[in-house]
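We count ligands from 1, going down the list as the structure has it; atoms in each ligand are counted the same way.
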Amino acid sequence: MITIVNLNPSIDKKYELSNIEKGKVIRARTVDNTAGGKGIHVANVATILGEDVLVTGFLGGKTGEFIEEKLNDHRIKNDFIKIQNPTRECLALITDDLTQTEILEPGPEVTEEEKAKFLKKYDELVQKSSIIVASGSTPKNISKDIYAKMICKASKVGKKFLLDTSGELLIKGIEAKPYLIKPNREELEMITGSYIVSEKDILMQIDKLNTIGIQCVIVSLGEEGSLVGYKGNKYRIQVPKIKAVNPVGSGDALVAGFAVGVKRGYSIKDTLILAAACGTANALEKETGFVRKEVVEKIIQEIKVDKI
Ligand code: ATP
């Protein structure tokens with residue numbers, strides 16, 4: 001089983017409106033509510049690919065109930081810790097000029113007892129899983145070393161931990177040496193404190209991260225594909241040119257494809273191909289964190305992975 005940790009899920013509310021004017025009443029033409037959070041996107045894509053996954057984290061209030069219902073509707077196995085405070089909502093305002101303005105709530109406070117319950121559940125799930133994925137932010141009063149602690153627990157029992165987060169959570173997580181990290185260019189600059197200009201700069205930083213003990217580093221570069229460091233080798237992934245509809249969540253889809261490839265025992269090359277194809281397939285959809293299996297299968301034929 002693949003366990004996916006999503007500590008700070010949200011109801012993602014997408015509004016379509018003509019324009020945004022400060023201080024005015026704005027009437028939305030449409031509103032669309034979906035279960036959101038980077039881990040939930042990973043779980044959705046891995047489930048679509050036919051893998052046995054379970055998503056966990058914190059859910060509370062009516063918003064939490066909504067997310068649980070949506071996950072069940074999509075047959076995504078879930079086992080969240082129920083908390084007193086309500087799960088957050090995040091708003092995306094899409095105006096006629098097709099720009100997107102986002103308002104992200106910080107997330108609920110979680111009590112010490114709720115945190116302890118989650119960590120107990122995590123220990124149980126680590127035993128049952130071969131791969132653990134943790135994606136995204138955490139509720140506001142969770143300590144920034146939570147992923148680092150979870151990585152140490154997984155590593156002790158030989159389980160692979162894939163970490164896709166940002167900021168302090170990623171910096172502390174790296175210290176615990178997860179199996180994989182997947183920064184984009186911006187996140188790589190943040191964790192290394194260096195300004196990235198060229199491919200050479202990226203490869204140098206990948207090398208440093210591999211050297212400190214992170215086995216697989218994927219730096220995703222949107223339509224330019226990815227650069228990868230794995231067990232002393234470097235790879236360049238090229239993706240086909242597409243007319244992107246919504247690339248948000250492509251990184252999550254890539255992580256899902258990677259986890260599925262590892263779970264199935266694919267070679268590193270085939271794992272990277274599946275991962276990149278999922279990223280590109282997500283960019284072709286309006287829905288965030290969603291792919292069509294037949295589209296992924298078609299794109300797989302068009303991905304190029306070369307050893308550098
Ligand atoms: P998010 O945080 O929204 O999940 P990200 O910044 O982590 O995204 P990206 O680098 O944008 O991730 O995309 C991940 C992968 O998805 C890319 O490496 C590529 O394989 C694929 N991809 C993304 N955008 C495009 C695009 N416009 N055309 C083709 N492939 C794309």
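- Asn282 places a side-chain N or O within donor-acceptor distance of the main-chain N or O of Val248, the cut-off being under 3.5 Å.
- At a heavy-atom cutoff of 4.0 Å, ligand 1 is contacted by both the backbone and the side chain of Thr280.
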* Hey, mind stepping through Glu16 and Thr30 against side chain to side chain donor-acceptor pair (under 3.5 Å) and telling me if it holds? -> CA-CA 5 Å; Glu16 284 182 342; Thr30 61; 3.1 Å; yes
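- Here is the list of ligand 1 atoms found below 4.0 Å of a heavy atom in Gly225: 17 (C), 18 (O).
- Proximity annotation for atom 14 (C) of ligand 1: of Gly251, Ser226, Gly279, Gly251 comes nearest, heavy atoms only.
- Closest to atom 27 (N) of ligand 1 among all protein heavy atoms lies Glu223 CB, 3.6 Å.
- Shown are Val42, Asp164, Val228, Leu272; of these, the side-chain contact (heavy atoms from CB on, under 4.5 Å) with Phe258 is made only by Leu272.
- Put simply, the side chain of Lys82 reaches to within 4.5 Å of the side chain of Glu68, judged on heavy atoms.
- Taking the six-membered ring for Trp and the full ring otherwise, the centers of Phe118 and Phe58 sit less than 6.0 Å from each other.
- Of the candidates Gly222, Ser166, Ala283, the one placing a heavy atom closest to atom 19 (C) of ligand 1 is Gly222.
- For ligand 1, the atoms lying closer than 4.0 Å to a non-hydrogen atom of Val248 are 3 (O).
- Numbered from 1 in the order shown, with element, the atoms of ligand 1 that lie under 4.0 Å from a heavy atom of Ala244 read 27 (N).
- Which parts of ligand 1 touch Ser220 is read off a 4.0 Å heavy-atom cut-off, strictly below it: atoms 7 (O), 9 (P), 10 (O), 12 (O), 14 (C), 18 (O).
- Note that NZ of Lys160 and SG of Cys216 are 10.5 Å apart. Values are rounded to the nearest 0.5 Å.
- Atom numbering of ligand 1 starts at 1 in the shown order; those under 4.0 Å from a heavy atom of Asp252 are 4 (O).
- Here the options are Lys62, Lys14, Lys13, the test is salt bridge (charged side-chain N to carboxylate O under 4.0 Å, His left out), and the partner is Glu89; only Lys13 passes.
- Only the side chain of Asn184 comes within 4.0 Å of ligand 1, counting heavy atoms alone; its backbone N, CA, C and O stay farther away.
- In this structure, Ile171 is a member of the same hydrophobic cluster as Leu163, with clusters built from ILVMFWY side-chain heavy atoms closer than 4.5 Å.
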* To do: Decide salt bridge (charged side-chain N to carboxylate O under 4.0 Å, His left out) for Glu302 and Lys298; before the verdict, give the C-alpha distance in whole Å, the side-chain angles of both, and the deciding distance to 0.1 Å.
  => CA-CA 7 Å; Glu302 301 167 42; Lys298 188 177 163 281; 3.3 Å; yes
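- Each of the atoms 1 (P), 3 (O), 4 (O) of ligand 1 lies under 4.0 Å from some heavy atom of Gly249.
- Contact annotation: for Leu221 versus ligand 1, heavy atoms closer than 4.0 Å belong to the backbone alone.
- Side chains of Leu125 and Val5 form no contact here, defined as non-hydrogen atoms less than 4.5 Å apart.
- Using a 4.0 Å cutoff on heavy atoms, Lys38 counts as a contact of ligand 1.
- Near Leu254, meaning under 4.0 Å from any of its heavy atoms, are these atoms of ligand 1: 15 (C), 18 (O).
- When hydrogens are left out, the protein atom nearest atom 28 (N) of ligand 1 is Ile242 CG1, 3.3 Å; that is the closest non-hydrogen contact.
- Taking each of Ser250, Pro183, Cys278 in turn, the one with a heavy atom nearest to atom 13 (O) of ligand 1 proves to be Ser250.
- Here Ile242 pairs with Ala244, Thr280, Ala283, Leu284 under the side-chain contact (heavy atoms from CB on, under 4.5 Å) rule; sequence neighbours left out.
- Of the heavy atoms in Lys182, only side-chain atoms (C-beta onward) come closer than 4.0 Å to ligand 1.
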